[in-house]
Amino acid sequence: MRTIMMFTFVSFMLLTISCASMVKSAVKDSPISNKVFIHKNPKIGDMAVLESVVDKNNPQASFIGKTTSTMTVKDIKGDLVTVKHDITSSGMMSISGDMFFEYVVDLDGNVKSAVLIEGSERTPLKIAQPGDKGYNQFDEVSTEDMQKYNAQETITVPVGTFECTARYYVDPKKNGEVQIYYTSDEIPFCHIASYVVYENDGYKVQPIVELVNKIKN
């Protein structure tokens with residue numbers, strides 16, 4: 001299985017927020033992820049686009065629409081990489097592209113600083129610490145849990161099929177829910193797809209996001 005870097009948590013939080021003002025308020029009040037997935041040998045212009053997977057059986061699916069998360073390498077200085085994170089959504093729960101995040105991360109994906117940018121306004125964000133929602137370690141899924149969580153070693157998404165590494169994220173605020181992230185160092189920002197597993201519902205697996213576009217220079 002492939003080795004990986006890290007991932008930013010904010011995309012998933014935004015899937016449940018209905019407008020830009022609420023996004024801004026929620027982000028200011030919540031720590032940003034301490035980790036961002038970053039691929040090996042990043043270059044300016046490298047990009048990955050992930051899109052939310054909407055449950056078609058959800059009666060509110062058309063209301064929710066889809067959320068698109070675009071990660072782009074904007075600058076590299078020594079061992080620090082500046083990443084722009086754009087998030088937009090369709091449907092009635094719309095988020096405009098006028099607001100975006102900017103992270104400065106090291107080559108291991110550790111977030112050194114994060115800001116929310118809206119026009120000329122730059123709002124510094126808190127970085128998650130152990131015990132905070134969004135604090136990420138991403139241990140590899142153990143051999144015994146691979147079967148329990150129906151975790152895969154190969155994942156197919158709209159841009160192709162990839163050998164991958166399955167990683168845990170367990171939200172300390174949500175008992176009985178485990179998010180599984182699939183990553184590969186073959187692609188920019190490593191992130192291929194994510195699923196949530198509901199332990200209290202017979203280990204039901206629900207897809208969350210998948211990779212739909214990528215550029216690697």
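Being a predicted model, the structure only gives us computed values, none of them experimental.
Note on Asp185 versus Lys40: salt bridge recorded, some NZ/NE/NH1/NH2 to OD/OE distance being below 4.0 Å. For Glu199 and Lys204, the salt-bridge test fails: no basic side-chain N is under 4.0 Å from an acidic carboxylate O. Using a 4.0 Å cut-off between a side-chain N of Lys or Arg and a carboxylate O of Asp or Glu, Lys148 and Asp145 qualify as a salt bridge. Salt bridge annotation for Lys112-Asp106: present, with a cationic side-chain nitrogen under 4.0 angstrom from a carboxylate oxygen.
Between Pro188 and Lys214 the shortest side-chain heavy-atom distance falls below 4.5 Å. Residues Met71 and His191 have side chains not in contact (no heavy-atom distance under 4.5 Å, counting atoms from C-beta outward). Looking at heavy atoms from C-beta onward, Tyr203 lies out of side-chain contact with Asn150 at the 4.5 angstrom threshold. Looking at heavy atoms from C-beta onward, Asn34 lies in side-chain contact with Asn136 at the 4.5 angstrom threshold. Put simply, the side chain of Arg122 reaches to within 4.5 Å of the side chain of Glu102, judged on heavy atoms. Residues Val83 and Phe189 are in side-chain contact: their nearest non-hydrogen atoms beyond the backbone lie under 4.5 Å apart.
Interatomic distance, Cys190 SG to Ile38 CD1, rounded to the nearest 0.5 Å: 7.5 Å. Interatomic distance, Gln152 CD to Ile180 CD1, rounded to the nearest 0.5 Å: 11.0 Å. With rounding to the nearest 0.5 Å, the separation of OG in Ser184 from CD1 in Ile155 is 11.5 Å. Remark: Lys43 NZ to Ile215 CD1 distance equals 14.5 Å, nearest 0.5 Å. Once rounded to the nearest 0.5 Å, the distance linking CG of Asn41 with CD1 of Ile76 reads 9.5 Å. In this structure, OG on Ser30 lies 7.5 Å from NZ on Lys126, to the nearest 0.5 angstrom.
In the hydrophobic clustering of ILVMFWY residues, with side-chain heavy atoms under 4.5 Å counting as a link, Val196 and Tyr149 come out together. Both Val178 and Val205 are assigned to one and the same hydrophobic cluster, defined by single-linkage of ILVMFWY side chains at heavy-atom distances under 4.5 Å. Residues Val111 and Leu107 share a single hydrophobic cluster, defined by chaining ILVMFWY side chains whose heavy atoms lie under 4.5 Å apart. At a threshold of 4.5 Å between side-chain heavy atoms, the hydrophobic network of Ile, Leu, Val, Met, Phe, Trp and Tyr places Met99 and Val49 in two separate groups. Met47 and Ile187 fall into different hydrophobic clusters, defined by Ile, Leu, Val, Met, Phe, Trp and Tyr side-chain heavy atoms under 4.5 Å apart, directly or through other members.
More than 12 heavy atoms of other shown residues, nucleotides or ligands fall within 6.0 angstrom of atom CD in Glu144.
Members clustered with Leu80: Val104, by chain and number, using a 4.5 Å side-chain heavy-atom cutoff among hydrophobic residues.
The two residues Cys164 and Ile192 have their closest heavy-atom pair at CB-CD1, 3.8 Å. Considering all non-hydrogen atoms of both residues, His85 and Ser69 come closest at NE2-OG, 2.6 Å. For Leu211 against Val159, the heavy-atom pair with the smallest separation is CD2-CG2, 3.4 Å. Scanning both residues, Val81 and Pro42, for their nearest heavy atoms gives CG2-CG, 4.0 Å. Across every non-hydrogen atom of Asp46 and His39, the tightest pair is OD2-NE2, 2.8 Å. Considering all non-hydrogen atoms of both residues, Tyr103 and Ala114 come closest at CD2-CB, 3.8 Å.
Applying the salt bridge (Lys or Arg N to Asp or Glu O under 4.0 Å) criterion to Glu51, with sequence neighbours excluded, gives Lys66. Qualifying salt bridge (Lys or Arg N to Asp or Glu O under 4.0 Å) partners for Lys74, counting only residues two or more places apart in sequence or in other chains: none. Taking Tyr168 as the reference, nothing meets the ring pair (Phe, Tyr, Trp, His ring centres under 6.0 Å) condition, with sequence neighbours excluded. Remark: Thr156 engages Thr161 in a side-chain hydrogen bond (donor to acceptor under 3.5 Å, both in side chains) (not counting sequence neighbours). In this structure Asn213 satisfies the side-chain hydrogen bond (donor to acceptor under 3.5 Å, both in side chains) test with no other residue, sequence neighbours excluded.
Put simply, the side chain of Asp201 never gets that close to the backbone of Tyr198: no donor and acceptor are under 3.5 Å apart. A donor-acceptor pair is defined here as one N or O able to donate and one able to accept, closer than 3.5 Å; such a pair exists between the side chain of Asn217 and the backbone of Ile44. Distance alone, capped at 3.5 Å, places no donor-acceptor pair between the Gln179 side chain and the Glu177 backbone.
Among Asp86, Thr123, Ile87, the one residue that satisfies the side-chain contact (heavy atoms from CB on, under 4.5 Å) test with Phe101 is Ile87.
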Q: Given ring-ring contact (aromatic ring centres under 6.0 Å, His included), test Tyr195 with Tyr181 step by step and report yes or no.
A: CA-CA 7 Å; Tyr195 293 76; Tyr181 294 87; over 10 Å; no

